[in-house]
Colleague: 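I'd like to ask you about the structure that follows.
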There are 2 protein chains.
Amino acid sequence: MPNPRLFSLKSESIPRATIQRLALYVQVLEDLQREGSDVISSESLAKACDVNPSQIRKDLAYFGEFGVRGVGYYIQDLIASLKRCLGIDHTWKTVLVGVGNLGRALLNHKEFKLRGFEIIGAFDCDPFKIGEEVSGLEVMCTKRLMEKSHELGVEIGIITTPPERAQRAANHLVEAGIKGILNFAPARITVPEHVVLEYVDFFHHLYSVAFNITLAQQK
Amino acid sequence: MPNPRLFSLKSESIPRATIQRLALYVQVLEDLQREGSDVISSESLAKACDVNPSQIRKDLAYFGEFGVRGVGYYIQDLIASLKRCLGIDHTWKTVLVGVGNLGRALLNHKEFKLRGFEIIGAFDCDPFKIGEEVSGLEVMCTKRLMEKSHELGVEIGIITTPPERAQRAANHLVEAGIKGILNFAPARITVPEHVVLEYVDFFHHLYSVAFNITLAQQK
DNA sequence: CGGATTTTGTGAATAATGTAACAAAAGTGG
DNA sequence: CCACTTTTGTTACATTATTCACAAAATCCG
Ligand SMILES: NC(=O)c1ccc[n+]([C@@H]2O[C@H](COP(=O)([O-])OP(=O)(O)OC[C@H]3O[C@@H](n4cnc5c(N)ncnc54)[C@H](O)[C@@H]3O)[C@@H](O)[C@H]2O)c1
Ligand SMILES: NC(=O)c1ccc[n+]([C@@H]2O[C@H](COP(=O)([O-])OP(=O)(O)OC[C@H]3O[C@@H](n4cnc5c(N)ncnc54)[C@H](O)[C@@H]3O)[C@@H](O)[C@H]2O)c1
């Protein structure tokens with residue numbers, strides 16, 4: 001029988017890598033669910049995620065007990081539990097700053113909503129872009145970020161400005177009372193202690209590919 | 001005096017995290033160079049990258065000695081050395097499969113070339129997209145991937161198809177003799193041992209933001 | 001030229017993370 | 001209802017990564 005007990009943190013600090021893997025588990029579990037699976041063992045899930053089975057059990061153990069011994073994990077319940085653990089059991093109100101090439105692609109991406117992030121505002125400083133409609137949103141002037149954010153109760157900001165503008169965009173977001181920032185611009189930025197900051201840098205991954213090819217060729 | 005000796009691997013296996021940081025160092029060093037700096041100590045660079053100074057010295061030590069004691073690192077030389085270490089001292093011929101929202105944004109992104117990756121082919125399976133010109137490239141049918149790749153000597157493939165098509169795209173790329181793949185689709189794929197594979201998943205980072213906000217709120 | 005100063009490169013110490021092993025729980029079938 | 005199987009949760013162990021601490025090199029300056 002499923003065992004959806006309340007999630008409670010057991011340990012003080014959870015490895016960053018664990019969080020990344022939990023996100024992966026959710027993704028893979030949702031695929032499995034779509035394929036009609038019902039229950040899965042840590043071993044099978046491990047194979048699908050390309051990690052060690054003990055790793056999965058240990059990752060889950062940071063948050064509680066979600067499985068049934070001798071049986072495995074009920075996929076639907078595990079997804080729900082993991083989402084609660086990650087804080088995506090509800091929808092996060094999100095805004096995007098910098099409606100360029102990448103910003104547009106993100107705004108048009110329908111999956112954000114499904115995954116728990118609703119983009120409810122798009123901001124740019126280019127007067128030619130302000131007023132334009134992108135994916136059902138009217139692009140607004142960055143100056144109105146504070147006013148609008150408070151009005152809408154925004155929690156997360158996505159930065160897709162050029163790198164030299166990333167800090168300024170971050171400052172606006174912080175002023176607007178945002179709680180977390182995802183920065184796509186390849187520039188280090190600084191924010192107050194209480195604001196959560198994450199970077200996405202495609203090039204780091206590309207460099208990694210290049211390095212590993214070079215390595216393979218050398219030996 | 002600068003000390004640009006030939007790069008030679010010292011240790012067998014280099015931590016994955018080190019590679020990610022080397023990429024970060026290059027990015028930050030290039031910014032510093034643009035701002036007119038000439039020499040930098042591991043301590044200052046560490047501050048700019050938000051890591052520990054010993055960490056930097058140790059990361060570099062995997063590849064050789066690049067600094068001058070009592071002075072620091074000559075930025076220009078260090079950038080060149082790091083690029084050689086990472087295998088981006090030359091341009092990698094790259095193709096992109098899946099010319100949708102994201103694919104288009106990437107094709108329009110001018111920085112790829114500057115950073116050592118030239119996108120020389122764009123492929124899609126949608127007959128309405130084939131023949132279209134995007135950022136100076138004619139979109140070609142995925143079926144021609146093999147033929148074209150060999151002709152052009154392609155080394156790296158970028159996948160931006162929907163997740164359910166990612167495996168198929170990967171198969172085509174592998175057939176075409178590609179050496180490495182960067183997959184933006186949120187789907188695990190399998191490739192032969194000799195092909196280097198990396199994933200980029202925005203949502204994992206967003207989940208991480210959500211988790212850390214939740215964590216901060218709880219305590 | 002030599003002592004003071006700086007900062008690297010590195011081995012040792014510490015901390016974090018990942019893996020293996022196994023006892024405890026749940027289910028199964030005679 | 002009791003062995004038997006399965007698979008979790010957890011402890012103990014192994015590996016890997018990070019930080020510390022300091023000797024060795026380079027420069028600077030009197
Ligand atoms: N396009 C890609 O595929 C890609 C890939 C990797 C990284 N990136 C990074 O993502 C960022 C955006 O890339 P892009 O290709 O969309 O660039 P872009 O130039 O097309 O778009 C940037 C947008 O930001 C707006 N902007 C500038 N300053 C602003 C400010 N202070 N406030 C609000 N808006 C502001 C500009 O008006 C423009 O619309 C860049 O930092 C880039 O390096 C992009
Ligand atoms: N758009 C975003 O901002 C965003 C963000 C995160 C992740 N992603 C992921 O990136 C991928 C692409 O996203 P998108 O928004 O560009 O989707 P999209 O639907 O706009 O584009 C996908 C493209 O791939 C093409 N395609 C489908 N099957 C193919 C095949 N077998 N060979 C070649 N081409 C094929 C389609 O014709 C289409 O042009 C998706 O997997 C998505 O989940 C996108």
Side-chain angles (χ1 to χ4, degrees), chain A residues 1-22 24-25 29 32 37-75 77-78 81-82 85 208, chain B residues 1-5 7-22 24-25 29 37-75 77-78 81-82 85 208:
Chain A
M1 215 204 284
N3 185 4
R5 69 189 64 169
L6 268 175
F7 138 59
S8 74
L9 255 174
K10 286 196 165 173
S11 158
E12 282 311 295
S13 89
I14 287 159
R16 195 194 156 68
T18 290
I19 302 303
Q20 297 278 314
R21 279 192 299 268
L22 290 188
L24 173 63
Y25 302 157
L29 286 167
L32 288 164
S37 302
D38 214 36
V39 187
I40 195 168
S41 67
S42 59
E43 194 175 329
S44 312
L45 181 57
K47 204 162 286 169
C49 297
D50 204 22
V51 301
N52 184 296
S54 309
Q55 182 76 82
I56 292 187
R57 299 202 293 275
K58 186 152 212 193
D59 284 340
L60 299 181
Y62 283 110
F63 296 92
E65 304 188 3
F66 305 107
V68 183
R69 296 180 188 212
V71 177
Y73 302 91
Y74 288 86
I75 293 181
D77 297 322
L78 185 55
S81 302
L82 290 181
C85 296
S208 188
Chain B
M1 212 204 283
N3 185 4
R5 69 189 64 170
F7 137 59
S8 74
L9 256 172
K10 285 197 166 173
S11 157
E12 282 310 293
S13 88
I14 288 160
R16 195 193 155 70
T18 290
I19 302 304
Q20 297 278 316
R21 279 192 299 268
L22 291 187
L24 173 63
Y25 302 157
L29 286 167
S37 301
D38 214 35
V39 187
I40 196 169
S41 68
S42 60
E43 195 174 329
S44 313
L45 181 57
K47 203 161 288 170
C49 297
D50 204 21
V51 300
N52 184 296
S54 312
Q55 183 76 83
I56 293 187
R57 298 203 294 275
K58 179 136 273 184
D59 284 341
L60 298 182
Y62 283 110
F63 296 91
E65 304 187 4
F66 305 107
V68 183
R69 295 178 189 212
V71 178
Y73 301 91
Y74 288 86
I75 293 181
D77 296 323
L78 186 54
S81 301
L82 289 181
C85 295
S208 189

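A, B, ... follow the sequence lines: proteins, then strands. Residue 1 opens every chain.
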Colleague: Using side-chain heavy atoms (C-beta onward) and a distance below 4.5 Å, is Lys47(B) in contact with Ser44(B)?
Modeller: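 Contact flag for Lys47(B)/Ser44(B) side chains = no.
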
Colleague: Do Leu78(A) and Tyr25(A) make a side-chain contact, defined as non-hydrogen atoms from C-beta onward lying under 4.5 Å apart?
Modeller: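 Result no, sub-4.5 Å side-chain heavy-atom pair not found.
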
Colleague: Between C1' on dA25(D) and CZ on Arg69(B), what's the gap in Å once rounded to a whole number?
Modeller: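 So the CZ-C1' distance, Arg69(B) to dA25(D), works out to 5 Å.
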
Colleague: Please classify the nucleic acid contact of Thr18(B) as base, sugar-phosphate, or nothing, using heavy-atom distances under 4.0 Å.
Modeller: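 No contact at all - Thr18(B) keeps every heavy atom at 4.0 Å or more from the nucleic acid.
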
Colleague: Just how far, in rounded Å, is C1' of dA21(C) from CG of Asn52(A)?
Modeller: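 In whole Å, dA21(C) C1' and Asn52(A) CG are 12 Å from each other.
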
Colleague: Nearest whole Å is fine: how far is dT18(D) P from Ile14(B) CD1?
Modeller: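 Roughly 13 Å, once rounded to whole Å.
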
Colleague: Indicate, yes or no, whether a donor-acceptor pair under 3.5 Å links the base of dT19(C) to the side chain of Lys58(A).
Modeller: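 It does, because a donor-acceptor pair links the side chain of Lys58(A) to the base of dT19(C) below 3.5 Å.
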
Colleague: Whole-Å distance between dT17(C) P and Leu60(A) CG?
Modeller: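 Taking CG of Leu60(A) and P of dT17(C), I get 17 Å after rounding.
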
Colleague: On DNA chain C, check which nucleotide each of Gln55(A) and Val71(A) is closest to and give me the residue with the more 5' one.
Modeller: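 Its nucleotide being nearer the 5' end, the pick is Gln55(A).
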
Colleague: Side chain of Ser41(B) only, heavy atoms from C-beta on: which candidate in dT18(D), dT8(C), dA20(C) is closest?
Modeller: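 Selected nucleotide (nearest to the side chain): dT8(C).
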
Colleague: Just N and O in the side chain of Arg21(B): are any of them under 4.0 Å from OP1 or OP2 of dA17(D)?
Modeller: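 Checking dA17(D) against Arg21(B), no side-chain N or O comes under 4.0 Å of OP1 or OP2.
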
Colleague: Write down the distance between CZ (Phe66(B)) and P (dT10(C)), rounded to a whole number of angstrom.
Modeller: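 These atoms are roughly 11 Å apart.
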
Colleague: Let's see if you can work this out: which of dA26(D), dT18(D), dA20(C) has an atom nearest to the side-chain heavy atoms of Val68(B)?
Modeller: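 From the listed options, dA26(D) comes nearest.
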
Colleague: Think Tyr73(A) has a side-chain N or O under 4.0 angstrom from the OP1 or OP2 of dG9(D)?
Modeller: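 Indeed, a polar side-chain atom of Tyr73(A) lies that close.
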
Colleague: Can you find a heavy atom in the side chain of Tyr62(A) that is under 4.5 Å from one in the side chain of Pro15(A)?
Modeller: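 Yes. Closest side-chain heavy atoms under 4.5 Å.
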
Colleague: Less than 4.0 angstrom between a side-chain N/O of Ser42(A) and OP1 or OP2 of dT7(D), yes or no?
Modeller: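 So the side-chain polar atoms of Ser42(A) never come under 4.0 Å of the phosphate oxygens OP1 or OP2 of dT7(D).
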
Colleague: So which nucleotide from dG9(D), dG18(C), dT10(C) ends up closest to the side chain of Glu65(A)?
Modeller: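 Looking only at side-chain atoms, Glu65(A) lies closest to dG9(D).
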
Colleague: Under the side chain to side chain contact (heavy atoms under 4.5 Å, CB included) test against Tyr73(B), which residue among Val68(B), Leu60(B), Val39(B), Leu45(B) passes?
Modeller: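 Testing each of Val68(B), Leu60(B), Val39(B), Leu45(B) against Tyr73(B), the sole residue satisfying side chain to side chain contact (heavy atoms under 4.5 Å, CB included) is Leu60(B).
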
Colleague: With a non-hydrogen cut-off below 4.0 angstrom, is Ser54(A) in contact with a base, only sugar-phosphate, or nothing?
Modeller: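 Here Ser54(A) touches the bases of the nucleic acid.
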
Colleague: Identify the heavy atoms of Leu29(B) and Ile75(B) that sit nearest to each other, and give their distance.
Modeller: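 It is O-CG2, 3.7 Å.
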
Colleague: Using atom OH of Tyr62(B) as one end and atom P of dT10(C) as the other, report the distance to the nearest whole Å.
Modeller: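 Rounded to the whole Å, the gap is 12 Å.
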
Colleague: Rounded to whole Å, please give me the gap between CZ in Phe63(A) and P in dT8(D).
Modeller: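 Roughly 18 Å, once rounded to whole Å.
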
Colleague: Does dG18(C) have its OP1 or OP2 closer than 4.0 Å to a side-chain nitrogen or oxygen of Arg57(A)?
Modeller: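 No, no such contact exists.
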
Colleague: Between C1' on dG9(C) and CD on Glu43(B), what's the gap in Å once rounded to a whole number?
Modeller: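 From Glu43(B) CD to dG9(C) C1': 16 Å.
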
